[in-house]
Q: 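Please find one structure pasted underneath; my questions will follow.
All values below come from the heavy atoms of this structure, side chains included, with hydrogens, waters and symmetry mates left out. Chain identifiers are assigned alphabetically (A, B, ...) following the order of the sequence lines, protein sequences preceding nucleic acid strands; residue numbering begins at 1 within each chain.
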Amino acid sequence: MASQRRKAREEFFDRLDQLDDLSDSETQLDTSSGAKDALRPDSTRRSTRSKSVKPSLQKAASSPQVLTAPVPPVTLLPAASAPGRPTASLKRARSDAVPPSSKLKRNAKRKQETVVPAQALIFPPEMCFLFVPNRGLTSLQQSQIDEAEKHGARLAAEFSKNVTHIVVDSNWTLSQALEELPDKCHPTGITMVNWTWVVESLLYGLRDSDQHRFRVKGATGTTSLHQTSSTDKRPAPSTDHDLMVAEPKQRNVGQTTPQKNGRAASEADPELSRNETDKNAQTDDQDELDLLQKEMDKNDPAIEDLMEHDPSSKFEGNYVIEQSSNGNLEHGSFSCMNKNERNRSSSNPNQVTIRLLNQMAEIYDANTADQWRARAFKQAASALARQKELVATEEQAAKIRGIGASIAPKIEEIVTKGRLARLDEANNDPLHKTRVLFSRVYGVGGAQAAAWVAAGYTTLDDLKRYVGLTPNQRIGIEHFDDFETRIPRAEVVQHGLIVDHALKQTDQELKMYIGGSFRRGSPDSGDIDILITKEGAGMEQIQTVVMDTLIPQLKQQGFIVAELASGHWTDKETPSKWMGASVLPGQSIWRRLDILFVPWEELGAALIYWTGNDFFNRSLRLLASRKKMRLNQHGL
DNA sequence: AGGCAGTACTG
DNA sequence: CAGTAC
DNA sequence: GCCT
């Protein structure tokens with residue numbers, strides 16, 4: 001029995017290995033494949049969590065290390081450099097060597113590494129930074145500069161010929177920055193970047209400075225002030241595949257990624273379905289990012305090495321056998337088996353339809369009894385998001401998986417009339433609208449919203465006066481707009497840095513990962529998910545450190561402004577997460593922050609879960625359950 | 001007709 | 001436990 | 001509401 005189960009699990013992983021082949025070294029799929037070895041060893045350990053690690057778990061326990069091995073550890077966020085492209089790293093680990101091509105590059109760094117032991121050189125020695133301003137810095141900025149220095153940054157006290165990079169406070173404009181510089185200085189040929197560039201480089205390795213998000217406010221990118229990035233790329237051309245995250249999605253829009261069976265690919269982002277602002281995302285970054293990607297692929301032979309060493313090929317046989325013995329599990333039924341589909345958001349011709357369908361979903365979502373109908377609308381919308389052509393007729397629509405007899409005509413209606421009667425109907429019903437509004441409050445669902453509407457409340461202000469609010473709901477109302485505002489990627493990084501900074505003061509060995517849509521490469525996120533782990537540590541240990549030290553410290557410094565849920569100890573269970581809100585210094589907008597306590601052995605499963613997206617997770621779990629297994633955030 | 005992911009936290 | 005969130 |  002036990003061996004059967006093990007075998008079944010092996011097969012499951014073989015399928016995941018197979019996915020490596022389908023996956024495109026970006027987003028969810030490689031996360032799962034990279035994490036799978038960590039996941040593999042034990043599923044029952046939850047009950048034995050506090051016991052010592054069994055020998056069979058060694059692989060799991062060491063897996064993140066293995067993943068990290070080929071790249072120099074980044075001290076600021078040590079773990080960050082590992083699993084971003086787990087597929088790649090895993091493959092490298094399996095072939096037991098750094099690919100020759102990247103060996104060369106890394107050897108070039110060896111010298112400095114001995115000078116700065118245990119530190120990864122991020123900034124090559126020829127770079128010299130002038131920070132603007134360089135006085136009156138916040139302590140956070142100061143610590144970031146220190147960190148940069150530890151990673152090879154040379155700092156200039158004032159402007160000189162040696163300066164290669166001028167790093168400007170992200171809130172400063174170009175003209176403000178220029179005022180800080182000596183009159184005569186005309187920084188031609190000097191790269192001007194904003195603070196984010198340094199921060200992201202610290203986190204993920206040297207970033208290409210020639211990207212929009214690193215541009216100094218008010219700079220036009222092509223001025224003489226903004227040198228091209230070629231000099232940046234030379235010293236460390238391959239840093240990108242050390243990322244813990246996918247690059248922002250839009251970059252690959254131009255790439256064609258043929259589907260296995262003509263059918264559309266993965267489900268859409270939750271972001272996509274929940275928030276249409278996503279869809280207007282930076283078109284202007286696309287070309288740039290696309291070019292960057294091509295450039296990197298071209299410049300980085302390591303990528304080809306990885307392809308050659310692709311281990312998935314050896315599982316081909318298994319895959320075929322399994323398929324024939326499991327006819328039901330037709331490949332196309334599981335979105336988690338599909339390659340990530342890019343080319344959705346901005347360029348999708350079905351945008352209007354998608355938006356309206358998602359509004360339908362939101363309406364049904366506000367009604368607990370209609371959760372499945374809501375789910376169907378969301379899935380239909382995400383199916384449309386994968387279409388490359390406009391779906392205009394009922395017949396076209398009905399052919400798409402996930403769109404059936406009821407939604408298909410609605411799609412035609414939307415395309416021909418530009419509106420959906422059923423939706424207008426709901427929107428014209430004030431009670432309906434109010435219910436939807438209320439259910440958007442954090443801590444309020446369909447049941448509560450309906451009850452309040454029934455009780456005659458009509459506005460959020462009404463609710464504020466209502467005494468029966470839970471503390472969380474009150475926060476949800478007070479910060480209704482805050483929590484609905486998307487968080488730019490750069491700000492997610494800032495939150496991560498602050499947490500990491502506090503973390504390091506507590507225990508150098510604590511590691512953190514930013515998960516969620518950030519990890520999938522989204523240009524913005526709805527909330528911030530931070531996983532905290534430590535080699536060899538169990539849930540209790542992480543929980544204790546975080547709750548006793550980290551959270552209080554972050555509260556004290558005014559970063560954490562609210563606690564929404566922090567769990568409680570029971571006989572058997574250790575709290576596994578903390579949920580709350582944080583604010584960046586000098587800002588006022590509250591952000592939803594989740595901190596997850598991840599036992600070292602569960603890192604693989606946790607990364608799968610907390611990278612998502614939702615549809616991917618649900619699909620993968622469904623697949624597991626069809627195979628008589630269960631997948632959750634702790635393991636398989 | 002029955003399933004649709006699986007778990008954690010609050011009150 | 002129901003409701004809510006992830 | 002869709003799929004099996």
Side-chain angles (χ1 to χ4, degrees), chain A residues 43 46 267 270 274 327-330 332-336 357 360-361 363-383 397-398 400-411 422 438-451 468-473 475-476 483 515-517 526-531 539 543 563-570 572-580 592-597 602 605-606 608-626 629-636:
Chain A
S43 56
R46 194 155 154 65
E267 309 283 358
R274 258 204 304 267
N328 301 348
L329 303 184
E330 187 228 335
S333 307
F334 289 90
S335 70
C336 63
L357 290 181
M360 290 296 292
I363 283 168
Y364 287 121
D365 237 346
N367 184 350
T368 320
D370 274 326
Q371 58 162 308
W372 301 118
R373 196 165 301 172
R375 177 185 186 270
F377 274 97
K378 281 183 247 180
Q379 304 225 81
S382 79
I400 300 167
R401 178 192 295 275
I403 297 176
S406 169
I407 294 184
K410 291 190 171 70
I411 290 174
R422 183 70 189 74
F438 286 174
S439 67
R440 281 157 58 193
V441 173
Y442 184 91
V444 179
Q448 190 59 258
L469 293 177
T470 69
N472 287 358
Q473 288 164 349
I475 292 170
F483 291 166
S517 52
D527 64 5
I528 302 159
D529 301 314
I530 292 186
L531 291 76
M539 177 99 65
Q543 196 272 350
E563 196 162 76
L564 296 164
S566 52
H568 53 275
W569 290 85
T570 69
K572 313 182 202 97
E573 300 289 335
T574 303
S576 60
K577 66 183 171 191
W578 177 96
M579 301 193 295
R592 281 279 298 104
L593 176 69
D594 291 338
I595 297 179
L596 302 322
F597 318 141
E602 294 177 3
I608 291 177
Y609 180 70
W610 293 103
T611 302
N613 59 29
D614 284 0
F615 284 135
F616 174 81
N617 281 337
R618 291 167 76 151
S619 178
L620 193 64
R621 284 160 184 232
L622 184 59
L623 172 59
S625 74
R626 289 287 147 81
M629 289 173 274
R630 292 165 73 85
L631 177 66
N632 60 28
Q633 62 268 54
H634 303 294
L636 182 72

Q: By nearest atom, which of the nucleotides dC2(D), dT4(C), dC6(C) is closest to the A447(A) side chain?
A: dT4(C)
Q: Taking the side chain of R630(A) as its heavy atoms from C-beta onward, which of dG6(B), dT4(C), dG1(D) lies nearest to it?
A: dG6(B)
Q: Rounding to an integer number of Å, can you tell me how far N632(A) CG sits from dT7(B) P?
A: 5 Å
Q: Please enumerate all residues that pass ring pair (Phe, Tyr, Trp, His ring centres under 6.0 Å) together with F377(A), with sequence neighbours excluded.
A: Y364(A)
Q: According to the Watson-Crick and G-U wobble definitions, with both distances under 3.5 Å, which nucleotide is paired to dT4(D)?
A: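 The answer is dA1(B), by the H-bond criterion.
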Q: Look at all strands and tell whether Q371(A) reaches a base, only sugar-phosphate, or nothing, counting heavy atoms closer than 4.0 Å.
A: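 The answer is nothing, as Q371(A) stays clear of every strand by at least 4.0 Å.
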Q: Using atom P of each nucleotide, how far apart are dA5(B) and dT4(D) to the nearest Å?
A: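 Per the computed distance, 14 Å lies between those P atoms.
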Q: Expressed as a whole number of angstroms, how long is the span from H634(A):NE2 to dA5(B):P?
A: 18 Å
Q: Supply the atom-to-atom distance R618(A) CZ to S335(A) OG, rounded to the nearest 0.5 angstrom.
A: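 So the gap between those two atoms works out to 10.5 Å.
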Q: Please classify the nucleic acid contact of A405(A) as base, sugar-phosphate, or nothing, using heavy-atom distances under 4.0 Å.
A: sugar-phosphate
Q: Within the structure shown, what part of the strands sits under 4.0 Å from I403(A) by heavy-atom distance: base, sugar-phosphate, or nothing?
A: sugar-phosphate
Q: Is the aromatic ring centre of W372(A) closer than 5.5 Å to the centre of the six-membered base ring of dC4(B), with the two planes inclined by less than 30°?
A: yes
Q: For W578(A), what residues pass the side-chain hydrogen bond (donor to acceptor under 3.5 Å, both in side chains) criterion, not counting sequence neighbours?
A: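 Once residues adjacent in sequence are excluded, the partners of W578(A) under the side-chain hydrogen bond (donor to acceptor under 3.5 Å, both in side chains) criterion are E563(A).
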Q: Between R621(A) and dA5(B), is there a contact of a side-chain N or O with OP1 or OP2 at under 4.0 Å?
A: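 Indeed not, no polar side-chain atom of R621(A) lies that close.
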Q: Roughly how many Å is it from CZ in R375(A) to C1' in dA5(B), rounded to a whole number?
A: 9 Å
Q: Ignoring hydrogens and angles, are the base of dG6(B) and the side chain of Y609(A) linked by a donor-acceptor pair under 3.5 Å?
A: yes
Q: For I528(A), is there any backbone N or O sitting under 3.5 Å from a side-chain donor or acceptor partner on R592(A)?
A: no
Q: Look at the side-chain N and O atoms of S576(A) and state whether any lies under 4.0 Å from the OP1 or OP2 oxygen of dC9(B).
A: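 For dC9(B), OP1 or OP2 has a side-chain N or O of S576(A) closer than 4.0 Å.
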Q: What is the separation between atom CZ on F334(A) and atom P on dA5(B), rounded to the nearest whole Å?
A: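 Taking CZ of F334(A) and P of dA5(B), I get 11 Å after rounding.
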Q: Has R626(A) got a side-chain N or O lying under 4.0 Å from the OP1 or OP2 atom of dG3(B)?
A: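 For R626(A), the contact criterion (side-chain N or O under 4.0 Å from OP1 or OP2 of dG3(B)) is not met.
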Q: Send over the distance from D594(A) CG to dC9(B) P, rounded to a whole Å.
A: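 Spelled out: CG on D594(A) to P on dC9(B) is 11 Å.
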Q: Ignoring backbone atoms, establish whether R401(A) has a side-chain N or O less than 4.0 Å from OP1 or OP2 of dT4(D).
A: yes
Q: Could you state the CG-P distance from D529(A) to dA8(B), rounded to the nearest angstrom?
A: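 Going from CG in D529(A) over to P in dA8(B) covers 16 Å.
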Q: From the set dA8(B), dC6(C), dC2(D), return the single nucleotide nearest to any side-chain atom of E573(A).
A: dA8(B)
Q: Rounding to a whole Å, what distance do you find between K378(A):NZ and dC6(C):C1'?
A: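 Roughly 12 Å, once rounded to whole Å.
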Q: Output yes when at least one side-chain N/O atom of Y364(A) is less than 4.0 Å from OP1 or OP2 of dG1(D), else no.
A: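 Looking at the OP1 and OP2 atoms of dG1(D), one of them is under 4.0 Å from a side-chain N or O of Y364(A).
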Q: Nearest 0.5 Å, what's the CD1-CG distance between I608(A) and L636(A)?
A: 8.5 Å
Q: Quickly work out the H568(A) NE2 to dT10(B) P distance and round it to whole Å.
A: 7 Å
Q: Look at the side chain of S625(A) and the backbone N and O of L622(A), then say whether any donor-acceptor pair between them is shorter than 3.5 Å.
A: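 Confirmed, S625(A) side chain pairs with L622(A) backbone.
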Q: OP1 or OP2 of dA5(B) versus the side-chain N and O atoms of N617(A): is any pair under 4.0 Å?
A: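 Indeed not, no polar side-chain atom of N617(A) lies that close.
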